[in-house]
Amino acid sequence: MAIGVISAKELHARINSGAEVFILDVRNPEDFNDWKIEGKNLKSVNIPYFDFLEEDDSVYQNLPKNTEIIVVCAKGGSAQMVAEMLDERGYHVSYLGEGMKEWSRFYHPVTILTDQELQLIQVNRLAKGCLSYLVMSNGEALVVDPGRHVEEYLELAKREKVQIKHILDTHLHADHISGGHELATKTGATYYISSSEMQDADTPFEPLEKHPNIQFGSVNAKIMAVPTPGHTPGSVSVLVNDKFFLSGDTIFVGGLGRPDLGGKAREWAQSLYDTVFKTIAGLSDDVLVLPTHFADISEINANGYVGATLGKIRQSNEIMRTSNREKFTEKVTGAAGATPPNYEEIVNINRGIVEVDVEKATELEIGPNRCAVHHT
Amino acid sequence: MNADITVDAKGLSCPMPIVKAKKAMDSLKSGQVMEVETTDKGSVNDFQGWVKQTNNEMLKMEEENGVYRFYVKKS
């Protein structure tokens, strides 16, 4: 039988359709346990490719004969080898063309809102748990927190027939490389980020603190930057038309941002407290929170995007109701866990201090998202 | 460190470094040592996993100017 090569997009479409998917991940157990493809109705088994080199048939015993097996590795080479071995033994098999490398650069756009005045698309980079946004009105667009594969946004803008006019990073990202500056260069749009995030930076930017409102389109699509420090000192959130709260790394569907990536966890936890119990306290329960990250695919709602009303987040996250300042601080500083890999280097790239090629960028971004604090 | 066999897997990408190393290993007797050189960063975790899985012994690992060197003793 012929061995199929499946793309990340095809694999995602299959997972998303709710069909049963069987993945044989042939990376070493350490890499598999750290980061893998997840989904509803998805079963994955980890058998490192080198186990298939031994002449030992027991390695095949847990593999189904009647289901298609999709083999996945880091870059595609080992998966192809194992797929060929399985094919020779009569298994129905295909492999993910460029492995986790390809999965990592797969972006999935989901439309959240389409009305006459405002259209909103969430772009989900599933492998990294990174979310970015296109806010569109009257042929113009604002892009929030774009990832480094800027062609995704250029294509979306073309599809939606809008011109990207404004690009904004809610904060200096520590877990992935921002596409903000590059996208601005390619579109002529303005790139905004808070000055306090960009100390010693070489990347040109428009200081966000000078723009409490970003207006665009002939319709009144009101966009307001709401300072929400805590995750990093210059973090902002964006409130679109008083209804959509693009919360950056401050509030997630499943919790709050981690305040420990600057070596001042307790101090930043105080800002996070003030954000929750002062800045955001005034927002109504029906405001839709749209974060920059998610930690688990269960955060993807029935409509296919990651987001929840503020009311629901307040209800389901105890930390949002922990109004005792001392207890709050203890909780958010105590639960952070592993830091995002390579975050110091990534921060320097996002400041424009360090430049890397595509291969190095891919390598630095290996692994899942670790920005959300799990302590619900 | 003296090796009984040296495998040059520089410039090769996964899975070739381990495929070549496995062939070389099969030609060794118990107690003999194989030296492997790779340039693929992914091979660092893979070699450790493979050596453990096959019950051989990783004597030494080193990195020099982007070249990873592994010394594996056959059990």
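Most heavy-atom pairs under 4.5 Å with chain A, from the set Asp26(B), Val19(B), Thr54(B), Ile18(B): that is Ile18(B).
Under the side chain to side chain donor-acceptor pair (under 3.5 Å) criterion, Lys20(B) pairs with no residue, sequence neighbours left out. Qualifying side chain to side chain donor-acceptor pair (under 3.5 Å) partners for Arg351(A), counting only residues two or more places apart in sequence or in other chains: none.
Environment of CD in Glu359(A): sparse, with no more than 12 heavy atoms of neighbouring residues, nucleotides or ligands closer than 6.0 Å. The number of heavy-atom neighbours closer than 6.0 Å to NZ of Lys65(A), taken from other residues, nucleotides and ligands shown, is above 12. Counting heavy atoms of neighbouring residues, nucleotides and ligands inside a 6.0 Å radius, atom CD of Glu63(B) exceeds 12 of them. No more than 12 heavy atoms of other residues, nucleotides or ligands shown are found within 6.0 angstrom of CD on Glu30(A).
For chain B, no part of Gln80(A) is nearby; none of its heavy atoms comes within less than 4.5 Å.
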Scan the side chains in residues 19-26 of chain A for donor-acceptor partners under 3.5 Å anywhere in the protein, sequence neighbours excluded, and list what turns up.
unit_1	atom_1	unit_2	atom_2	d
Asp25(A)	OD1	Arg27(A)	N	3.0
Asp25(A)	OD1	Arg27(A)	NE	3.0
Asp25(A)	OD2	Arg27(A)	NE	3.3
Asp25(A)	OD2	Arg27(A)	NH2	2.8

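Shortest non-hydrogen contact noted between Ser78(A) and Cys14(B) is OG-SG, 2.6 Å.
Scanning residues 34-52 of chain B against chain A with a 4.5 Å non-hydrogen threshold yields Asp40(B), Lys41(B), Asn45(B), Asp46(B), Gly49(B), Trp50(B), sorted by number.
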